[in-house]
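It should be emphasised that the depicted structure is a prediction, and the values quoted were computed from it without experimental measurement. Residue numbering restarts at 1 for every chain, and letters A, B, ... go by the order of the sequence lines.
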Amino acid sequence: MSDVRLLADPFDPARELAAFTAARPEAGGVVSFLGQVRAGGGVEALELQHYGPLTLPAMQDLAGRVRGRWDLDGLLVIHRSGVMMPGDPIVLVAAAARHRRDAFAAADFAMDHLKSESWFWKREKADGEWRWIEPRDQDFEDIARWG
Amino acid sequence: MSDVRLLADPFDPARELAAFTAARPEAGGVVSFLGQVRAGGGVEALELQHYGPLTLPAMQDLAGRVRGRWDLDGLLVIHRSGVMMPGDPIVLVAAAARHRRDAFAAADFAMDHLKSESWFWKREKADGEWRWIEPRDQDFEDIARWG
Amino acid sequence: MAINLVFLGRLEDAAGGGSRTIPLVPSIDAVLDGLEPGLASALRGPRVKLAVNGILLQDKDAPVLKDGDEIAFLPPVSGG
Amino acid sequence: MAINLVFLGRLEDAAGGGSRTIPLVPSIDAVLDGLEPGLASALRGPRVKLAVNGILLQDKDAPVLKDGDEIAFLPPVSGG
């Protein structure tokens, strides 16, 4: 069914995506989103804090909603916690489906909801100082698209 | 800028995507679509025929339109021609962008237009017989979404 | 007889640490009344949600606390 | 003095091969008139597009052919 993971250590998105795809030869298409820590802009490090009793269960619940809404051959959700450096992968979502539209919509929906609803608190280090990041209005607009 | 390739031989989508992503550390997100020859359904092989003077130039033109419409850090379009077996990659599109929405829309648009407009003729082998595939109405509906 | 408090995100800074063990008191109001006023005020912020033993509280919930309970104070998540 | 014809997709089956070299004639109508009737009929199909030397012809184009030209007959592309 769905493969949902919350990882404290770095992961290799290319290897994860290759394994996910190889296991689903019946899917015509796989859409993936990879989010990474942006280089440039002065951010030296990023930390994502999670809360064990809530964060992974909510990610699993989201995966279940995605599976209920679109006809998928597979869904992969991997999210990092802890301290990451520029260029490090943060999140990988992949949706495999017989029909391309389903795979795009499922990955897009999963990302919008992961970003706006997931139990992660983020802080960034710049000029040697850590600073907590507040929610962005854009996230609420993104999620409102899905009705 | 854009990396647009028409390949007669198999390619490794995981390696291509990893190289594309690694070269764009300033992009916050990368959306990819991988299309592969579906296993099951009785298709033994698939052949994509192209016409040299038209096919790659039209793919490059499409990439230019995508770049003009969304603010991207990079765009990758790789398409196979020739004979492929179930599980073989057919097409890989990846869009890297600072903003997630741009990356999703660009990859989605590129796929809709590649599928409906590209100069490829497809035939499938089933029960030992090759059969040419006619256009599907779905492709015209997909492309109409973009106005 | 104790309960555990967990402070997420910026509330960790306000509390001076990610968690704290305090003696058992019967209600969340009693927990807040026993903390430093600045911290209590931050925890009472309108956008701070609470979870007891991993279950999110609804607006009107006023659970009776018992030994070993964990109360998490959750500021808005950071998003994209 | 010759021109090259290229048949894509199902038109390859109709022509019995992917390409064919024929003696130069001045127009596309003359090319079609010189082919087997069944093939000419398939190439005249309403959804078949033509390219001369890699340039797509518009509806009303009637180019004058010259030595070495390549005419490609393009049935609808197959899509997804």
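Within the 4.5 angstrom heavy-atom criterion, atoms from both the backbone and the side chain of A:Ala107 approach chain B. In this structure, the portion of A:Val37 lying under 4.5 Å from any heavy atom of chain B is its backbone and not its side chain. In this structure, no portion of B:Ala96 lies under 4.5 Å from any heavy atom of chain A.
The distance from the CZ atom of A:Arg100 to the CG atom of B:Asp112 is 4.5 Å, given to the nearest 0.5 Å.
Under the side chain to side chain donor-acceptor pair (under 3.5 Å) criterion, B:Asp3 pairs with B:Arg5, sequence neighbours left out.
Interface with chain A: from residues 13-33 of chain B, residues B:Ala14, B:Leu17, B:Ala18, B:Thr21, B:Arg24, B:Pro25, B:Glu26, B:Ala27, B:Gly28, B:Gly29, B:Val30, B:Val31, B:Ser32, B:Phe33 qualify, criterion being any non-hydrogen pair under 4.5 Å.
Crowding of B:Asp12 atom CG: a count of heavy atoms from other residues, nucleotides or ligands under 6.0 Å exceeding 12.
For the pair B:Met111/A:Arg101, no side-chain contact is recorded, criterion being any heavy-atom separation below 4.5 Å from C-beta on.
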